[in-house]
2 protein chains.
Amino acid sequence: MLNYSTSEENYIKAIYHLQQMDDMVTTNELAAELKTKPASVTDMMKKLKAKKLLNYERYQGFRLTNEGNKVALGIIRRHRLWEYFLAEKLKFTWDEVHEVAEDLEHVTNKKLIDKLDEFLGFPRVDPHGDPIPDANGKIEIMKKICLTELPLNKTAIVGSVSDQSSKILELLEHKNISIGTRLEIKKRFEFDNSMEVRIGRQPAFTISKQLAENIFVLNN
Amino acid sequence: MLNYSTSEENYIKAIYHLQQMDDMVTTNELAAELKTKPASVTDMMKKLKAKKLLNYERYQGFRLTNEGNKVALGIIRRHRLWEYFLAEKLKFTWDEVHEVAEDLEHVTNKKLIDKLDEFLGFPRVDPHGDPIPDANGKIEIMKKICLTELPLNKTAIVGSVSDQSSKILELLEHKNISIGTRLEIKKRFEFDNSMEVRIGRQPAFTISKQLAENIFVLNN
DNA sequence: AAATAAATTTAGACAAAACTAAAAAATAGT
DNA sequence: ACTATTTTTTAGTTTTGTCTAAATTTATTT
């Protein structure tokens with residue numbers, strides 16, 4: 001695996017993200033995303049095409065090649081592992097981690113990242129609930145479903161919370177639920193739609209219908 | 001505190017290190033240290049002079065200004081904290097940490113570094129026994145003395161081991177002594193010059209004269 | 001389908017950081 | 001004191017990544 005400059009990596013990552021929405025990425029879109037000028041984008045597209053990371057014919061937009069996607073997943077792996085580290089170990093809040101990880105992600109030392117992964121206990125999702133690619137670049141495609149739709153006895157990872165008020169956060173903290181928590185539903189009660197939830201091997205506890213409706217879990 | 005490019009930082013750090021030996025640093029010395037050409041050094045010296053980090057008159061060599069020294073200490077703080085992290089948390093060996101820290105040190109985010117420092121428990125020395133500047137850029141000037149010369153009941157930090165053979169390392173590991181370990185001498189026996197050593201509040205244990213002669217501690 | 005607008009690319013310039021080759025200053029040797 | 005040598009600097013290029021302004025292609029509208 002070759003090495004790419006910080007600038008090249010930022011382009012590759014931005015293209016990867018834009019591809020998730022539209023399948024063809026345009027010059028203007030990318031310029032806006034990277035806060036740069038369309039002319040600069042065209043210059044870089046030529047370079048990335050020459051390095052076979054990109055399929056690109058002029059005026060036609062572009063997509064990453066398989067190789068380009070692999071490189072993107074490597075960058076995203078580094079970014080999300082650092083985000084996890086910052087939140088979990090250094091106690092940054094979830095809204096602060098992205099900016100710092102933007103810099104750390106460009107340190108490309110495979111041993112560093114694999115040892116960091118191990119130190120962190122091979123986390124599956126970052127503090128925003130986005131999945132972390134593994135050492136081989138495999139990423140779990142997970143769809144988010146509401147906790148109310150999770151089948152009984154099927155473990156899932158908390159991916160996001162729709163309401164971001166301090167009231168819900170206080171409750172979640174009390175119940176020891178945060179993004180990345182792996183849990184399962186042990187029982188549902190039809191009377192009030194409350195449910196018994198279990199985290200790992202700890203004793204199960206109850207959460208209300210209202211709370212469950214605001215929790216989304218990742219399903220693979 | 002302004003921000004400097006990776007290249008500028010590498011020059012500043014190299015000048016700082018060379019200044020410890022000679023007090024005037026020359027163009028050729030610096031070019032050799034950075035594996036670059038003298039002409040490139042001259043170019044950069046002009047730039048750093050313009051930024052008031054350097055005292056420099058042409059053909060006269062150069063020294064960092066007070067401001068330049070402050071910047072250097074910031075870089076060294078980052079470098080050594082990352083080295084400590086890599087060795088202590090990620091289980092890199094002491095000879096692997098330098099290279100990786102060379103990259104990590106250029107991520108200049110004060111909050112990141114201060115939180116890392118806290119997470120690591122405010123270590124005083126890196127895995128090579130070199131002191132780590134604090135958040136204000138203060139560095140403890142410590143001189144290394146042989147463990148045989150450490151006064152009784154005075155704690156000191158292990159800074160280096162003169163013999164690097166696997167035999168001594170095996171013994172040190174068994175006694176739970178490594179670089180950075182804080183210890184004190186509780187008693188010396190004149191008969192064989194062996195001594196009783198204590199680490200923290202653990203029970204004291206004995207080390208031989210031969211071992212003590214190869215251990216150097218930092219004294220402030 | 002021609003005219004206009006929008007998006008994209010080209011051409012040329014610039015800044016940072018490096019290099020080579022040549023010139024200038026300092027040091028050393030006789 | 002005058003060469004010769006070493007060190008340092010200058011001048012001119014190169015590469016990477018950016019930019020502006022102009023040209024070109026594609027898309028839209030009437």
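In what follows, chains are A, B, ... by sequence order, proteins preceding strands, each numbered from 1.
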Query raised in the report: Would you say A:Asn176's side chain and A:Leu172's backbone share a donor-acceptor pair under 3.5 angstrom?
Result: no

Query raised in the report: Are the side chain of A:Glu88 and the backbone N or O of A:Leu120 linked by a donor-acceptor pair below 3.5 Å?
Result: no

Report task. Give a yes/no on whether any side-chain N or O of B:Tyr11 is located under 4.0 angstrom from OP1 or OP2 of C:dA18. Result -> yes

Query - Salt bridge present between B:Lys111 and A:Glu96 (N-O < 4.0 angstrom) - result: yes

Query raised in the report: Taking atom C1' of D:dT8 as reference, at what distance in whole Å does atom CD of B:Glu29 sit?
Result: 13 Å

Query raised in the report: Does B:Gln20 use its side chain to pair, donor to acceptor, with the backbone of B:His17 at less than 3.5 Å?
Result: no

Requested in this report: Please say whether the positively charged group of A:Lys46, taken as NZ for Lys or CZ for Arg, lies over the ring of A:Tyr56, i.e. under 6.0 angstrom from the six-membered ring centre and within 45 degrees of the axis.
Outcome: no

Report task. May I have the distance from A:Met45 (atom CE) to C:dT9 (atom P), rounded to whole angstrom? Result -> 9 Å

Report task. Mind listing the residues from residues 33-42 of chain B sitting with a heavy atom below 4.0 Å of DNA chain D? Number order is fine. Result -> B:Pro38, B:Ala39, B:Thr42

Requested in this report: Look only at the side chain of B:Arg77 and the backbone of B:Pro133, and say whether a donor-acceptor pair between them is shorter than 3.5 Å.
Outcome: yes

Query - Test: B:Lys89 cationic atom under 6.0 Å from B:Phe119 six-membered ring centre, within 45° of axis - result: yes

Report summary line: Whole-Å distance, B:Met44 CE to C:dC19 P, equals 11 Å

Query raised in the report: Do B:Lys49 and B:Glu57 sit within salt-bridge range, that is, some charged N less than 4.0 Å from a carboxylate O?
Result: yes

Report task. Rounded to the nearest angstrom, tell me the gap between atom CG in B:Asp43 and atom P in D:dG12. Result -> 14 Å

Query raised in the report: Does A:Ser7 make a side-chain N or O approach to OP1 or OP2 of D:dT18 shorter than 4.0 Å?
Result: yes

Query raised in the report: How long is the line joining CG of B:Leu30 and P of C:dA18, in whole Å?
Result: 11 Å

Query - Test: B:Lys115 cationic atom under 6.0 Å from A:Phe92 six-membered ring centre, within 45° of axis - result: yes

**Report entry** Members of residues 50-63 of chain A that approach DNA chain C, where some heavy atom sits under 4.0 Å away
**Finding:** A:Tyr56, A:Arg58, A:Tyr59

Report task. Round to a whole Å and report the spacing from NZ of B:Lys46 to P of D:dT8. Result -> 14 Å

Report summary line: When rounded to whole Å, the CG to P distance for the pair B:Asn28 and C:dA25 reads 18 Å

Query raised in the report: Roughly how many Å is it from CG in B:Asn3 to C1' in C:dA16, rounded to a whole number?
Result: 16 Å

